[in-house]
Amino acid sequence: MELIQSIKERRSINFFEPGVEISDDTIRELLSLANLAPSSFNLQPWRVVVVKDQERKKALRKCAFDQPKVEEASAVLIIIADPDAVELNGERVITSWAELGYLSGEEQKEMSRGMMKQLYGAKDSLTRKLFAAKNAGLFAMNLMNAARGLGLETHPMDGFDEGAIKKEFGIPADKIIPMLIAIGHLKKGVTLLPRAFRRNVEEFTGFDSYK
Ligand SMILES: Cc1cc2nc3c(=O)[nH]c(=O)nc-3n(C[C@H](O)[C@H](O)[C@H](O)COP(=O)(O)O)c2cc1C
């Protein structure tokens, strides 16, 4: 019930109380909760840059079409989708599965390796990019729900110049930045407008076929 209430209450907060610090420990707790998100083959293709320093937030704001919330939020997370996660994490996934009893014997391990390669394509393929981006999106949503659980507000953003952020924060060109997430507390005295419209379930749902 708490989770359902939290989902109902989550909003993208435009106005954060400036000057409020969130401790590194809280951010780590938030990230470790987000890290429980499911991912394809458990490959966890995400990385995060936590931007807390006021000057660095200013620099990030410049890359994010001057959105004031980037500077006013307590922290802004640069969510990074990593297409290399198949090579980076694949063996650890297989080793862990073998240790935990999900896989038995070399043959099953080899089968998993083959499936990973086949499913997620060549390193620079669109399939690989989609793999990374969709899983990072699940991580991001988990993070926003976890933030609610920790009494924090969030705002996801894709209004930014990806190239500029990569340059400013030393993020390799082959990574993808699906979104930034601002985190903090609602500015005192601000009342949110009502939640914007959502389509009816019937409009986007087909039972047993597309239409
Ligand atoms: C991936 C993503 C990117 C977004 N980018 C921006 C943005 O750059 N600036 C902004 O003001 N809102 C941004 N939003 C917020 C949406 O406008 C907001 O989620 C939507 O209007 C629904 O409002 P709610 O989250 O309060 O329910 C983004 C949301 C998502 C999920």
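In listed order, ligands and their atoms are each counted from 1. Being a predicted model, the structure only gives us computed values, none of them experimental.
Taking a cutoff of 4.0 Å between a charged side-chain nitrogen and a carboxylate oxygen, Lys57 and Glu72 do not qualify as a salt bridge.
By the side-chain hydrogen bond (donor to acceptor under 3.5 Å, both in side chains) test, Lys52 is found to be paired with Glu21, Asp24, residues two or more places apart in sequence or in another chain being considered. In this structure, the ring pair (Phe, Tyr, Trp, His ring centres under 6.0 Å) partners of Tyr120, at least two apart in sequence or on a different chain, are Phe131. The ring pair (Phe, Tyr, Trp, His ring centres under 6.0 Å) check on Phe15 picks up nothing, with sequence neighbours excluded.
Protein residues with a heavy atom closer than 4.0 Å to ligand 1 are Arg10, Arg11, Ser12, Gln67, Lys69, His155, Pro156, Met157, Asp158, Gly159, Arg195, Arg198, listed by chain and number.
Side chains of Gln5 and Lys8: no donor on one and acceptor on the other come within 3.5 Å.
For CD of Glu9, the number of neighbouring non-hydrogen atoms (other residues, nucleotides, ligands) closer than 6.0 Å is greater than 12.
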